[in-house]
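First the structure, in the form of structure tokens, and then the observations on it.
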Amino acid sequence: YLLVPASEDQDVTLFESFFVDKAGVEPLLGQTIDNWVPNVATTFCSVGDSVLDKIEEWGVDLDRHLRPICESAGANFRVAVQGGDPLQAFQLEKRGYALCSGSQVIEHARARKVENEIELVK
């Protein structure tokens, strides 16, 4: 998963996954991604019957990354989330985060264009 703060002076963090290996991420480090950190696996296929304990661990870990960002934004604990397990959402709410739709934020961002953007994506 990816943590993208709303403020440009905060780091973008990519959490390690089964879909991205270090060789694929290294060219992006320092460009579009500032940090690449280990992920806490939370799927039943990955962790078996310990899924509830792992989701709790995931909540603790993500809170460690999110809390400083939210506190530096004037204690704004509004977080946009796209995808994931509902139990993960409950973990964030348990820690005081107000969740909103990540897809809504993404689509608003996509609607904004910069000069020469169309040329860049060709």
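On a predicted model such as this, the values are computed, not experimentally measured, just so you know.
Within the structure, every pair that satisfies the side-chain hydrogen bond (donor to acceptor under 3.5 Å, both in side chains) test and touches residues 71-83, not counting sequence neighbours, is listed here: Gln10-Ser72. Counting only residues at least two apart or on different chains, the salt bridge (charged side-chain N to carboxylate O under 4.0 Å, His left out) pairs with a member in residues 80-107 are Glu56-Lys94, Glu56-Arg95, Glu107-Arg110.
Tested against Thr42, the residues Gln88, Gln91, Lys54 include a single side chain to side chain donor-acceptor pair (under 3.5 Å) partner, Gln88.
No side-chain heavy atom of Ile33 sits less than 4.5 Å from a side-chain heavy atom of Thr13. Residues Cys100 and Val79 form no side-chain contact, since every pair of their non-hydrogen atoms from C-beta on lies 4.5 Å or further apart. Taking the side chain as every heavy atom from C-beta outward, Leu92 and Trp58 approach each other to under 4.5 Å. Taking 4.5 Å as the limit, every side-chain heavy atom of Asn35 sits out of range of all side-chain heavy atoms of Val12. For the pair Phe44/Asp49, a side-chain contact is recorded, criterion being any heavy-atom separation below 4.5 Å from C-beta on.
Annotation: salt bridge (Lys or Arg N to Asp or Glu O under 4.0 Å) contacts of Arg67 (sequence neighbours excluded): Asp63. Residues forming a side chain to side chain donor-acceptor pair (under 3.5 Å) with Ser103 (at least two apart in sequence, or on another chain): Ser101. Annotation: side chain to side chain contact (heavy atoms under 4.5 Å, CB included) contacts of Ala98 (sequence neighbours excluded): none. With sequence neighbours excluded, the residues forming a ring pair (Phe, Tyr, Trp, His ring centres under 6.0 Å) with Phe15 are Tyr1, His65, listed by chain and number.
In terms of hydrophobic clustering, with Ile, Leu, Val, Met, Phe, Trp and Tyr side chains grouped at heavy-atom distances under 4.5 Å, Val105 and Leu99 are assigned to different clusters. One hydrophobic cluster, built from ILVMFWY side chains closer than 4.5 Å, holds both Val47 and Leu87. When the side chains of ILVMFWY residues are joined at heavy-atom separations under 4.5 Å, either directly or via intervening members, Leu66 and Val60 end up in two distinct hydrophobic clusters. Hydrophobic clustering places Phe77 together with Ile69 (ILVMFWY residues linked when any side-chain heavy atoms are closer than 4.5 Å, directly or through intermediates). In the hydrophobic cluster analysis, where Ile, Leu, Val, Met, Phe, Trp and Tyr join through side-chain heavy atoms closer than 4.5 angstrom, Trp36 is grouped together with Val4.
From Leu62, atom CG reaches atom CG of Asn39 across 9.5 Å, with rounding to the nearest 0.5 Å.
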